[in-house]
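Along the sequence shown, residues carry numbers from 1. We use all heavy atoms of the structure for the numbers below, so side chains are in, but hydrogens, waters and symmetry mates are not.
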Amino acid sequence: MRSIRTFLLLTLLATITAVTFLSLLLGYRSSLAKTDALFDERLKNLASIIVHANHDLTPRVEKTLDLKPSVFFQIWSHDGVLIARSGNAPEHQMFNSQLSEGFHDENYADFRWRTYILQDRLFKRWVITGERIDLRYEIADKIVLSAIKPTVMAIPLAAFIIWLTVGFGLKPLRELTTQLGDKKADDLSAISIKQQPKELEQLLITINDLFNR
């Protein structure tokens with residue numbers, strides 16, 4: 001028969017693991033949503049910065065700027081001429097339909113792209129900022145998983161603490177077992193435990209009544 005200590009350890013550990021997994025899953029989804037919103041805000045701010053900092057209307061595609069592969073930008077004139085772009089940006093317009101402000105998800109070069117389009121009405125330009133969605137989620141996963149990892153690593157520590165705690169809680173039962181095992185056949189004296197828990201109180205009363213009879 002499986003020991004009480006092992007049963008309690010496995011039951012408590014399974015419960016903790018299930019609750020932790022559920023909370024981590026909900027936290028993971030929530031964190032991804034918040035991270036996604038932050039990345040969208042970054043694309044929006046980048047487009048706004050470009051509009052206010054760059055007033056050049058002369059096409060200069062050859063003077064591309066190198067950015068990290070997670071972010072790119074394009075500047076298009078109102079009549080569809082590419083004015084400038086970052087070195088990692090596509091050389092052609094990614095959109096088959098008419099440009100419209102806001103966020104869009106587009107397929108280009110075998111990748112899914114998250115883009116933000118901002119219309120510069122003063123200079124009659126379109127500023128497009130974007131990033132590959134797979135790279136975005138890769139960065140988001142690293143951020144979220146780095147926060148989750150300590151919680152997962154704490155489960156073995158919790159198992160060790162539970163093992164010690166359950167062992168300490170079962171100490172009176174082991175003491176009772178020892179006293180019963182040490183008794184001789186003619187020893188009918190009452191059994192007493194120094195720190196008697198309530199769970200053993202009725203058992204001790206029954207055993208001592210048996211000895212009295």
Can you give each donor-acceptor pair under 3.5 Å made by side-chain atoms of residues 203-213, sequence neighbours left out, with the distance rounded to 0.1 Å?
unit_1 : atom_1 : unit_2 : atom_2 : d
Thr206 : OG1    : Gln202 : O      : 2.9
Asn208 : OD1    : Ile191 : N      : 2.8
Asn208 : ND2    : Ile191 : O      : 3.2
Asn208 : ND2    : Leu204 : O      : 3.2
Asn212 : ND2    : Asn208 : O      : 3.3

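Under the 4.0 Å criterion applied to side-chain N and carboxylate O atoms, Asp134 and Arg112 are not assigned as salt-bridge partners. Remark: Lys171 does not engage Glu175 in a salt bridge, criterion side-chain N to carboxylate O under 4.0 Å.
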task: Evaluate side chain to side chain contact (heavy atoms under 4.5 Å, CB included) for Ile117 paired with Val127, printing each intermediate quantity in order.
output: CA-CA 6 Å; Ile117 302 176; Val127 175; over 6 Å; no
task: I would like to know whether Arg114 and Arg132 meet side chain to side chain contact (heavy atoms under 4.5 Å, CB included); could you show each step before the answer?
output: CA-CA 6 Å; Arg114 178 69 166 173; Arg132 276 172 38 189; over 6 Å; no
query: Can Trp113 and Glu131 be said to form a side chain to side chain contact (heavy atoms under 4.5 Å, CB included), step by step?
result: CA-CA 6 Å; Trp113 300 76; Glu131 60 187 337; 5.8 Å; no
- prompt: Do Val166 and Phe168 pass the side chain to side chain contact (heavy atoms under 4.5 Å, CB included) test, and can you show the C-alpha distance, the side-chain angles, and the key distance before you say yes or no?
  reply: CA-CA 5 Å; Val166 171; Phe168 180 78; over 6 Å; no
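Distance check, rounded to the nearest 0.5 Å: CD1 of Ile128 to CZ of Arg85 gives 13.0 Å. The distance from the CD1 atom of Ile133 to the CZ atom of Phe39 is 12.0 Å, given to the nearest 0.5 Å. Between the OH atom in Tyr116 and the NZ atom in Lys44 there is a gap of 5.0 Å [rounded to 0.5 Å]. Atom CD1 of Ile161 is separated from atom CG of Leu9 by 12.0 Å, given to the nearest 0.5 angstrom.
Hydrophobic clustering of Ile, Leu, Val, Met, Phe, Trp and Tyr side chains at less than 4.5 Å, counting indirect connections, keeps Leu118 apart from Ile49. In terms of hydrophobic clustering, with Ile, Leu, Val, Met, Phe, Trp and Tyr side chains grouped at heavy-atom distances under 4.5 Å, Trp163 and Leu8 are assigned to a common cluster.
Contact record, Leu13 with Thr17: O-OG1, 2.7 Å, taken as the closest heavy-atom pair. Shortest non-hydrogen contact noted between Phe72 and Leu46 is O-CD2, 4.4 Å. Considering every non-hydrogen atom in both Trp76 and Ile83, the closest pair reads C-CD1, 4.1 Å. Shortest non-hydrogen contact noted between Thr129 and Ile50 is CG2-CD1, 4.2 Å. Taking both residues in full, the closest heavy atoms of His78 and Trp126 are given as ND1-NE1, 4.0 Å, listed atom of the first, atom of the second, then distance. Summarising the geometry of Ile16 relative to Thr20, their closest heavy-atom pair is O-OG1, 2.6 Å, with the distance given to 0.1 Å.
Under a 3.5 Å cut-off, the side chain of Thr115 and the backbone N or O of His104 do form a donor-acceptor pair.
Atom CZ of Phe103 sits in a crowded spot, with more than 12 heavy atoms from other residues, nucleotides or ligands closer than 6.0 Å.
Every residue two or more places apart in sequence or in another chain that forms a salt bridge (charged side-chain N to carboxylate O under 4.0 Å, His left out) with Glu101 is listed here: Arg121. Checked against side-chain hydrogen bond (donor to acceptor under 3.5 Å, both in side chains), Asp36 has the following partners two or more places apart in sequence or in another chain: Arg136.
Within the 4.5 Å cutoff, no side-chain heavy atoms of Ile75 are placed close to those of Leu82.
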